[in-house]
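Worksheet for the structure shown next.
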Amino acid sequence: MKVLLTEAQIATRIKDLAAQIERDLPGEEGIHFVCVLKGGFMFMSDLVRSMGPRVTLDFIAVSSYGTGTRSSGEVRMQKDLDYGLEGRDVIIVEDIVDTGLTLTYLQDILRARSPKSLRTACLLSKPSRRKVEVRVDYIGFTIEDHFVVGYGLDYAEKYRNLPHIAVLDGE
Ligand code: PRP
């Protein structure tokens, strides 16, 4: 597997994104992060460790891929949030936006819960794969259409634990 983004590159970029989020949401009010499982867990973990103390967390799980390498286009809710979003400044935290179908679904259902604001942070974006236009406020890296694994991203549930992003052989 070829390394596409090193641990150090990811760490530096995440600190920039955290600083940008702090600038966009100044003041004492809390910032509520919604991690999209499973892929978002490592990005979320590093992002919130670069933030101040006014952070709260929740987790949601949706699924759009089977065990293969391509999106089926179907989005299913696997686990809903534990807390409401009303009046909160909410940031959705995703590992990757590909076709945009998952994020469109998530933004629609979360916006309906009346947050004060709703923003989205994605570590990776593959614009060439987009099927629907979707707003992403914070993008870590824009990448070509390679099948990538690591740093939360899997192939058949493997490689999520890699500390870097790699391109899977044969892709
Ligand atoms: C991946 C990724 C995004 C989605 C992006 O999730 O984490 O949620 O696909 O694809 P899209 O833009 O084409 O909708 P996946 O369903 O593989 O679940 P996982 O996070 O549990 O690996």
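Sequence positions, counted from 1, serve as the residue numbers for this chain. Each ligand, and each atom within it, is numbered from 1 in the order the structure gives.
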Residue [X] vicinity, atoms of ligand 1 by number, heavy atom under 4.0 Å:
X	value
Leu37	20 (O), 21 (O)
Ser63	16 (O)
Thr99	11 (P), 12 (O), 13 (O), 14 (O)

Residue pair [X] / [Y], side-chain heavy-atom distance below 4.5 Å:
X	Y	result
Asp16	Gln20	no
Leu5	Leu124	yes
Met42	Asp95	no

Under 3.5 Å, N or O to N or O, is Asp95 touching ligand 1 that way?
yes
Return yes or no for this condition: an N or O of Gly40 is under 3.5 Å from an N or O of ligand 1.
no
Atom NZ of Lys158 with >12 non-hydrogen neighbours under 6.0 angstrom:
no
Considering residues, nucleotides and ligands other than Gln78, do more than 12 of their heavy atoms fall under 6.0 Å from its CD?
yes
Could you tell me whether [X] approaches ligand 1 through its side chain, its backbone, both or neither, with non-hydrogen atoms closer than 4.0 Å?
X	result
Glu94	side chain
Asp154	side chain
Gln78	neither

Counting heavy atoms only, which of Val132, Ile96, Thr104 comes nearest to atom 5 (C) of ligand 1?
Ile96
Would you mind finding which of Cys122, Gly152, Ser125, Gly39 brings a heavy atom closest to atom 20 (O) of ligand 1?
Gly39
Do Thr102 and Glu94 have side-chain N/O donor and acceptor atoms under 3.5 Å apart?
no
At the 4.0 Å heavy-atom cut-off, does Leu101 count as touching ligand 1?
yes
4.0 Å heavy-atom contact, Arg130 with ligand 1:
no
When rounded to the nearest 0.5 angstrom, what distance separates CD1 in Ile92 from NE2 in His32?
11.0 Å
Less than 4.0 angstrom from a charged side-chain N to a carboxylate O is my criterion; do Asp58 and Arg88 meet it?
no
